[in-house]
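Structure record follows, encoded as structure tokens.
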Amino acid sequence: MTTNVLIVGGSGGIGWAMCRQLAQLPEIQVFATYRSTLPRGSEDYERISWFQLDVMEQAHYPMLVERLSEVVHLDWLINCVGALSINERMPEKSLKSVDSEQFIDAIRINTLPTLLLAQHFQPFLRKAHSPLFATISARVGSITDNGLGGWYSYRCSKAALNMALKNISIEWGRLMPRSCTVALHPGTTDTSLSKPFQARVPEHKLFSTDKTARLLIKVLQSLDRSNNGQFLAYDGSLIEW
Ligand SMILES: NC(=O)c1ccc[n+]([C@@H]2O[C@H](COP(=O)([O-])OP(=O)(O)OC[C@H]3O[C@@H](n4cnc5c(N)ncnc54)[C@H](OP(=O)(O)O)[C@@H]3O)[C@@H](O)[C@H]2O)c1
């Protein structure tokens, strides 16, 4: 039976690598969203169907539901959307750079979409045998792990995302007992998001998007309901919330 996968943010560095690799696996149909432009090379992958979605536009969610209405069920929904520098503002080094608009936009990009996706796609996931719902978070969203400080908007939006995922895992654990909802940390990956911050990252700790996608897909394939409500790194290790 075909596994239906929806990748939200399929045009981003990690999202596009996930789409490419999933589309090469047998028995998988990939549905993917992009915000403004399709990724280069998308025309080479017949098994990826593309849909436009700006996650900051609430009206786009029911439109996407409508366009996917012929898909009977979704087995996996993976949200790969995220932003660190917002509106050309770099992440804050200290309190004096905190800006309301930057903070609220971080929540609108990094946190709220996961709640809206869960709300709108619950009926699709409910029809799957073992539904899997994951969002790419970031280790810096862990309150326990925070030893460095800084990056107020990004850290807060990812910590709030983690709480959203934990809450969804509890609600869906009751509603869909075979479901699994997780937060994922991809490791530092060479994408446009991390480009300005790569100078001090040792070479062996900077993953290519292909490597990150391969590792995350391996983690996702290993999950079952016993992993529901976990925060997992690219190597499958648990991260404290
Ligand atoms: N790269 C890392 O080292 C790293 C580390 C930890 C966590 N992460 C997380 O990994 C996830 C993927 O990031 P990435 O590294 O692949 O970065 P990326 O290449 O910049 O991809 C981010 C994606 O988010 C999309 N996006 C941003 N705002 C959007 C909106 N309003 N509507 C729809 N899409 C929107 C971007 O679309 P456009 O292309 O249209 O802008 C892009 O597809 C993010 O959640 C990030 O926080 C990354």
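Start at 1 and go down the list; that is how both ligands and their atoms are numbered. Computed from a predicted model, the values in this text were never measured in an experiment. Counting from 1, the numbers follow the sequence of the chain as shown.
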Which residues satisfy the salt bridge (charged side-chain N to carboxylate O under 4.0 Å, His left out) test with R35, sequence neighbours excluded?
none
What does the contact table look like for ligand 1 (nitrogen or oxygen on each side, cut-off under 3.5 Å)?
residue	atom	partner	partner atom	Å
ligand 1	1 (N)	T189	O	3.2
ligand 1	1 (N)	T191	OG1	3.2
ligand 1	3 (O)	T189	N	2.8
ligand 1	3 (O)	T189	O	3.4
ligand 1	15 (O)	T191	OG1	2.6
ligand 1	16 (O)	G13	N	3.4
ligand 1	16 (O)	I14	N	2.9
ligand 1	19 (O)	G13	N	2.7
ligand 1	20 (O)	S192	OG	3.2
ligand 1	24 (O)	G82	N	3.3
ligand 1	31 (N)	D54	OD1	2.8
ligand 1	32 (N)	D54	OD1	3.3
ligand 1	32 (N)	V55	N	2.9
ligand 1	40 (O)	R35	NE	3.1
ligand 1	41 (O)	R35	NH2	2.6
ligand 1	43 (O)	G12	N	2.9
ligand 1	45 (O)	V81	O	3.1
ligand 1	45 (O)	I136	O	3.4
ligand 1	45 (O)	K158	NZ	2.9
ligand 1	47 (O)	Y154	OH	2.6
ligand 1	47 (O)	K158	NZ	2.9

Any chance the side chains of E27 and T3 put a donor and an acceptor closer than 3.5 Å?
no
Decide yes or no on side-chain contact (heavy atoms from CB on, under 4.5 Å) for N87 and Q102, but give the supporting numbers first.
CA-CA 8 Å; N87 301 330; Q102 184 180 12; over 6 Å; no
Going by atom types only, do D210 and S208 share a side-chain donor-acceptor pair under 3.5 Å?
no
Sorted by chain and number, sequence neighbours left out, salt bridge (charged side-chain N to carboxylate O under 4.0 Å, His left out) with D75 holds for none
Test: ring pair (Phe, Tyr, Trp, His ring centres under 6.0 Å). Region: residues 105-140. Which pairs qualify, not counting sequence neighbours?
Y61-H120, F121-F124, F133-W172
